[in-house]
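Worth saying up front: this structure is predicted, and the values here are computed from it rather than measured.
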Amino acid sequence: MAYSELLADRVRRSLLQRNIPFSEKKMMGGLTFMVDNKMCVGILQETLMARIDPEHYDDALTREGCRQMDFTGRPMKGFLFIDGEGTDRDEDLEFWIQECLDFNPKAKASKKYP
């Protein structure tokens with residue numbers, strides 16, 4: 001299992017309850033939830049991947065379970081990993097999903113390659 005099905009179901013349920021159109025895409029060894037054709041939030045193993053406003057990045061790092069996303073070996077500003085202690089409670093997961101949704105309209109879509 002490359003990602004937590006339980007966490008995926010919780011994210012899926014949250015997006016559906018908010019009436020947010022989304023698609024799912026397996027990438028980076030996990031699962032990403034795409035909103036407006038942009039990566040919004042994802043899951044890698046038991047960890048939530050959050051794409052948030054870079055202006056909120058430093059404050060977000062002070063929250064429980066949150067750490068820099070260093071998937072490539074160096075931190076990616078605006079991308080975070082949130083471990084279980086930061087997503088176990090529904091209200092914490094909802095916080096992160098809302099942060100991702102708030103940033104999504106400002107996020108740039110990745111380039112499409114032929």
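- I43 CD1 to S4 OG: the interatomic distance, rounded to the nearest 0.5 Å, is 6.5 Å.
- Note that CE of M49 is 10.0 Å distant from CE of M76, once rounded to the nearest 0.5 Å.
- Once rounded to the nearest 0.5 Å, the distance linking NZ of K25 with CG of N37 reads 8.5 Å.
- Residues K77 and D58 are in side-chain contact: their nearest non-hydrogen atoms beyond the backbone lie under 4.5 Å apart.
- Test D83, L80, L93 against L48 for side-chain contact (heavy atoms from CB on, under 4.5 Å) and you get one pass: L93.
- Within the 4.5 Å cutoff, the side chain of M34 has heavy atoms near those of the M39 side chain.
- To the nearest 0.5 Å, atoms CZ (R12) and CD1 (I20) are separated by 15.5 Å.
- Across every non-hydrogen atom of G30 and Y3, the tightest pair is C-CD2, 3.9 Å.
- Proximity of a side-chain donor or acceptor of K38 to a complementary backbone N or O of N104 within less than 3.5 Å is detected.
- Residues F79 and Y57 approach most closely at O-CE1, 3.6 Å, considering heavy atoms.
- A donor-acceptor contact shorter than 3.5 Å links the side chain of D53 to the backbone of E55.
- S14 and R18 are linked by a side-chain donor-acceptor pair at a separation below 3.5 angstrom, with hydrogens and angles left out of the test.
- By the criterion of side-chain heavy atoms lying less than 4.5 angstrom apart, applied directly or through intervening Ile, Leu, Val, Met, Phe, Trp or Tyr residues, L101 is grouped together with V41 in one hydrophobic cluster.
- No single ILVMFWY cluster, assembled from side-chain heavy atoms under 4.5 Å apart, contains both F22 and F103.
- With a 4.5 Å cut-off on side-chain heavy atoms, I52 and C100 count as touching.
- Not one N or O on the side chain of T32 forms a donor-acceptor pair closer than 3.5 Å with the backbone of G42.
- Taking 4.5 Å as the limit, every side-chain heavy atom of T87 sits out of range of all side-chain heavy atoms of D92.
- Considering every non-hydrogen atom in both K106 and D102, the closest pair reads CE-O, 4.2 Å.
- Of all heavy-atom pairs spanning A60 and C66, the tightest one is O-SG, 3.4 Å.
- Taking CH2 of W96 as the start and CD1 of I82 as the end, the distance is 4.5 Å to the nearest 0.5 Å.
- Within the 4.5 Å cutoff, no side-chain heavy atoms of L6 are placed close to those of E46.
- Within the 4.5 Å cutoff, the side chain of R13 has no heavy atoms near those of the D90 side chain.
- Of all heavy-atom pairs between F33 and A8, the closest is CZ-O, 3.7 Å.
- Here CD of E99 is found 9.5 Å from CG of D59. Values are rounded to the nearest 0.5 Å.
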